[in-house]
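The structure under discussion appears below in the form of structure tokens.
Atoms within each ligand, like the ligands themselves, are counted from 1 in listed order.
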Amino acid sequence: MKLKFTKMHGAGNDFVVIDGINQHIDFSPAQWKLLGDRRFGVGADQILLVEKPTQPGCDFRYRIFNADGGEVEQCGNGSRAFVKFVSEKGLTAQRSITVETKAGVIAPRLELDGSITVDMGAPVLEPQRVPFDADGLHGERQADDMLWPLVLELGGARESVLMSVVSMGNPHAVQVVDDVDTAPVELTGPLIEHHPRFPNRVNAGFMQIVDRGHIRLRVFERGVGETLACGTGSCAAVVAGIRRGLLDSPVRVDARGGQLSISWAGVGQPVLLTGPAVTVFEGEIEI
Ligand SMILES: N[C@H](CCC[C@H](N)C(=O)O)C(=O)O
């Protein structure tokens, strides 16, 4: 089929966005992976599919596929591209919409200054629901009620790294580092992503605390590798920092591809993600 798509990004986290309302889309994981391939396809971190809702009270359904072709629960930067896309394509006249995802309902809003704020829902903090094997495979016991030692096998040596585990609908493991620029993201990111204590794999966040209202963050994303920004990863990092008494809401998040802002009023409250969304080009691909 000849597929129409729009290429977009949110702080450098890039997407292929597809109207699945006016086009019939029923792709295999291999086809989703081809769309995300930067040489054989269009190329993107994630592919975002716009569909009619199945839940009453929602305006749209939002499906997300990582570059490896796997469908996932949530994508924060993608939710900003989503609301910009449906507005620009005339699929809605509303500036604030409710969107059904695998992880629940989120509410992106187009602000008058062009920025976009998304109610991402409340974080999930119980380790078993992240999901994370809190009992550990090597008998590790938790360091305190918010930090978990994760044993990484590095070239025959074993290194224990203290992690916060948080779900924003998708799983995140966040560690504090002194300097994100020198953090071993490429070396330990894959080891964390595929660690056996995360049965669904995990997104690995590396957070440098600049001050109580400002962090720098790099994320090695599940199913993709390091991205220039990660919306849910930014939410998870700020939630972890606030819970540990290291940060105060709102928090500025400097990602490699741009700046996001995260607000969170505490346990049981939604996380608000604010940032940009950019339309880069329109295209068609035979797939
Ligand atoms: N790689 C993530 C999905 C995309 C998350 C990220 N791009 C965001 O902006 O939240 C996962 O497998 O859970």
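Lys84 NZ: more than 12 foreign heavy atoms inside a 6.0 Å radius.
Listed by chain and residue number, the protein contacts of ligand 1 are Asn13, Gln46, Asn66, Val72, Gln74, Cys75, Gly76, Asn77, Asn170, Asn203, Glu221, Arg222, Cys230, Gly231, Thr232 (heavy atom within 4.0 angstrom).
Inter-residue side-chain proximity for Thr6 and Phe15 is flagged as unmet; no heavy-atom pair is nearer than 4.5 Å.
At a threshold of 4.0 Å, the pair Arg216-Asp179 counts as salt-bridged, since one of the basic side-chain nitrogens sits closer than that to a carboxylate oxygen. Classification of Asp181 and Arg256 as a salt-bridged pair holds, one side-chain N sitting under 4.0 Å from a carboxylate O.
With sequence neighbours left out, Asp248 forms a side-chain contact (heavy atoms from CB on, under 4.5 Å) with Arg212.
Between Phe65 and Trp32, the ring planes lie parallel to each other; the angle is under 30°, not in the 30° to 60° tilted range.
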